[in-house]
Amino acid sequence: MSEADKDYEVKVLTMVINTYLEEIVSVTKEGLKFLESNRDQVVWKLAIRIYTQSGYKVEFSTIREIIEAKTGAIKHYLEMETRQFAEEKKRQKLRNADFSVRVLTIVGEQLGVELNKVKLDSHLVDDLGMDDLDLVELIGALEEEFGIEIPDNTVGEQLGVEYSFNWRGLSSSVSETSITAGAECTVKNLINLVSKRF
């Protein structure tokens, strides 16, 4: 048998064996574990299957080598997938941190409070002195910064805020306004509210 014929034979065997392996083994940790712990049984079944279907007697060592190559490929894929997942998780954490810093910065700017005094558990009204007009400007600044729309009722529900007027429809005839804010009117809840709309 010529070298070209041997190469072609290995190519066909590799294709047949990989097709069979794709039928019985998933590209998961469980699939990898199955293939590693049942390699000899898989070699035997493949040898029988190939002989039964074609009459070709394939060497066990050839099947084993192809299975080992497939096992290596699955390991590599799973390692890459794990690495990509970890990197994406890290990127997401950085995005979340950046997002939170952006919200904290806007809160500080809109309420005229130094950034180091704006904490996640700061109450927007009690600790940071937000009034109803500040809230209107704060929501507007957040909408502009993140390209989102935050409905009035969502602000009221998420932050436990009640107004004495419809703050989207301010008119010069309103002389006094007030804001009532519950315990949930915190910077953390504001960040959560914005992130859900973003």
Side-chain angles (χ1 to χ4, degrees), residues 22 25-35 71-198:
E22 287 170 9
V25 178
S26 60
V27 184
T28 62
K29 288 180 183 178
E30 295 78 21
L32 180 62
K33 187 177 178 180
F34 168 82
L35 192 55
T71 302
I74 292 172
K75 280 182 185 176
H76 179 73
Y77 174 82
L78 293 175
E79 288 168 3
M80 292 296 293
E81 190 177 63
T82 301
R83 193 174 305 128
Q84 287 173 346
F85 177 76
E87 288 172 3
E88 179 56 33
K89 196 171 180 180
K90 186 177 179 180
R91 280 192 295 272
Q92 183 63 38
K93 190 174 181 179
L94 289 172
R95 279 194 297 267
N96 289 345
D98 180 53
F99 176 82
S100 296
V101 168
R102 287 166 63 191
V103 173
L104 290 169
T105 303
I106 291 169
V107 168
E109 289 171 355
Q110 292 299 314
L111 301 181
V113 178
E114 292 178 25
L115 185 58
N116 64 349
K117 294 183 180 176
V118 179
K119 309 289 184 208
L120 290 176
D121 61 349
S122 297
H123 192 277
L124 291 165
V125 175
D126 298 340
D127 298 330
L128 303 178
M130 181 181 74
D131 63 21
D132 49 0
L133 223 39
D134 290 332
L135 180 59
V136 173
E137 292 173 354
L138 176 59
I139 296 300
L142 291 168
E143 288 177 327
E144 185 176 326
E145 173 71 17
F146 296 107
I148 58 173
E149 186 174 322
I150 305 172
D152 299 349
N153 64 331
T154 305
V155 175
E157 290 170 9
Q158 297 292 316
L159 299 181
V161 177
E162 293 181 19
Y163 313 92
S164 62
F165 65 93
N166 180 350
W167 53 273
R168 292 285 185 193
L170 285 175
S171 69
S172 58
S173 64
V174 176
S175 56
E176 283 191 30
T177 57
S178 64
I179 184 170
T180 306
E184 61 272 21
C185 189
T186 62
V187 174
K188 181 179 179 180
N189 286 340
L190 179 64
I191 291 171
N192 289 337
L193 167 65
V194 175
S195 69
K196 288 177 185 172
R197 309 298 298 183
F198 186 52

Heavy-atom pair with the smallest gap, counting every atom of Gly108 and Val118: CA-CG2, 3.9 Å
Closest contact, heavy atoms only, Asp134 versus Gly129: OD2-O, 3.6 Å
Heavy-atom closest pair, residues Ala183 and Thr186: O-CG2, 3.4 Å
Salt-bridge contact Glu88-Arg91 (side-chain N to carboxylate O under 4.0 Å): yes
Evaluation steps, side chain to side chain contact (heavy atoms under 4.5 Å, CB included), between Leu124 and Asn189: CA-CA 10 Å; Leu124 291 165; Asn189 286 340; over 6 Å; no
Nearest non-hydrogen partners of Met130 and Cys185, listed with the distance: CE-SG, 4.0 Å
Intermediate values then yes/no, side chain to side chain contact (heavy atoms under 4.5 Å, CB included), Leu193 and Ile150: CA-CA 8 Å; Leu193 167 65; Ile150 305 172; 4.1 Å; yes
4.5 Å side-chain heavy-atom contact, Val103 and Ser100: no
Separation between OG1 of Thr105 and CG of Asp98, rounded to the nearest 0.5 Å: 9.0 Å
Atom pair CD/OG1 of Glu81 and Thr28 - distance to nearest 0.5 Å: 9.5 Å
Side chain to side chain contact (heavy atoms under 4.5 Å, CB included) assessment of Ile139 paired with Leu190: CA-CA 9 Å; Ile139 296 300; Leu190 179 64; 4.2 Å; yes
Interatomic distance, Lys90 atom NZ to Phe85 atom CZ [nearest 0.5 angstrom]: 14.5 Å
Salt bridge (charged side-chain N to carboxylate O under 4.0 Å, His left out) against Glu22, all qualifying residues, sequence neighbours excluded: Lys70
Results of ring-ring contact (aromatic ring centres under 6.0 Å, His included) for Phe99 - residues two or more places apart only: Phe146, Phe198
Test item: Thr82 side-chain N/O and Leu78 main-chain N/O as donor-acceptor pair under 3.5 Å: yes
Between CD1 on residue Ile191 and NZ on residue Lys196, distance to nearest 0.5 Å: 13.0 Å
Any pair counted as side-chain hydrogen bond (donor to acceptor under 3.5 Å, both in side chains), so long as it reaches residues 107-125, sequence neighbours left out: none
Steps toward side chain to side chain contact (heavy atoms under 4.5 Å, CB included) verdict (Val107, Val113): CA-CA 8 Å; Val107 168; Val113 178; over 6 Å; no
Taking every non-hydrogen atom, the tightest pair across Leu142 and Ile148: O-CG1, 4.1 Å
Validation row: Val25, Ile74 side chains within 4.5 angstrom (heavy atoms): yes
Lys/Arg-Asp/Glu bridge criterion (N-O < 4.0 Å) met for Glu149, Arg197: no
